[in-house]
Amino acid sequence: MGDARLLQPAAPVTAFGTDELCALLADLRDTMTAYSGAGLAAPQIGVPLQVVIFGGAPSPRYPEAGEVPYTELVNPVLTPLSEAIEEDW
């Protein structure tokens, strides 16, 4: 939080199946695991690409969390379910 890079739009991934994309996904997975995280986006580790991962089992950080399948998203598109805007976390 507070890093200006996190406020910038991330670029879409244009090349799939590359060693670089596989390495990025592995780095995200390793970083998320090392910090007992539940999800991580590429910009959070200084890579301005539209890549996010999430999932896992309950952990020390999230002991009440249920099992979520490990998921990798590249160039995700979010579709709002309503016009409502949440001003909090």
Peer 1: Of all the heavy-atom pairs spanning Pro43 and Leu6, show the shortest one and how long it is.
Peer 2: O-CD2, 3.5 Å
Peer 1: Measuring only between side-chain heavy atoms, which start at C-beta, is Ile45 closer than 4.5 Å to Asp27?
Peer 2: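 In short, these two side chains touch, coming nearer than 4.5 Å.
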Peer 1: Are Leu49 and Val74 connected, step by step, through hydrophobic side chains (Ile, Leu, Val, Met, Phe, Trp, Tyr) whose heavy atoms are closer than 4.5 Å?
Peer 2: yes
Peer 1: With respect to Val13, which candidate in Leu21, Leu24, Thr18 satisfies the side-chain contact (heavy atoms from CB on, under 4.5 Å) definition?
Peer 2: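 When side-chain contact (heavy atoms from CB on, under 4.5 Å) is applied between Val13 and each of Leu21, Leu24, Thr18, only Leu21 qualifies.
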Peer 1: Tell me if a side-chain donor or acceptor on Gln50 pairs with a main-chain N or O of Ala10 at a distance below 3.5 Å.
Peer 2: yes
Peer 1: For side chain to side chain contact (heavy atoms under 4.5 Å, CB included), just list the numbers for Arg5 and Gln44, CA-CA rounded to whole Å, side-chain angles, deciding distance to a tenth of an Å, and then say yes or no.
Peer 2: CA-CA 8 Å; Arg5 293 175 291 186; Gln44 290 176 281; over 6 Å; no
Peer 1: How far does CD1 of Ile53 sit from CG of Leu25, to the nearest 0.5 angstrom?
Peer 2: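 Between Ile53 CD1 and Leu25 CG, I get 7.5 Å after rounding to 0.5 Å.
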Peer 1: Check the pair Leu28, Phe54 against side chain to side chain contact (heavy atoms under 4.5 Å, CB included), reporting the backbone distance first and the verdict last.
Peer 2: CA-CA 10 Å; Leu28 286 167; Phe54 61 89; over 6 Å; no
Peer 1: Does OH belonging to Tyr70 count more than 12 external heavy atoms closer than 6.0 Å?
Peer 2: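 More than 12 within 6.0 Å, yes.
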Peer 1: Starting from Leu7, can I reach Val51 by hopping between I/L/V/M/F/W/Y residues whose side chains sit under 4.5 Å apart?
Peer 2: no
Peer 1: For Ala65 and Pro58, work out which heavy atoms get closest and say how close.
Peer 2: O-CG, 2.8 Å
Peer 1: Going through the distances and angles, do Tyr35 and Leu40 end up as a side chain to side chain contact (heavy atoms under 4.5 Å, CB included)?
Peer 2: CA-CA 10 Å; Tyr35 288 92; Leu40 189 62; over 6 Å; no
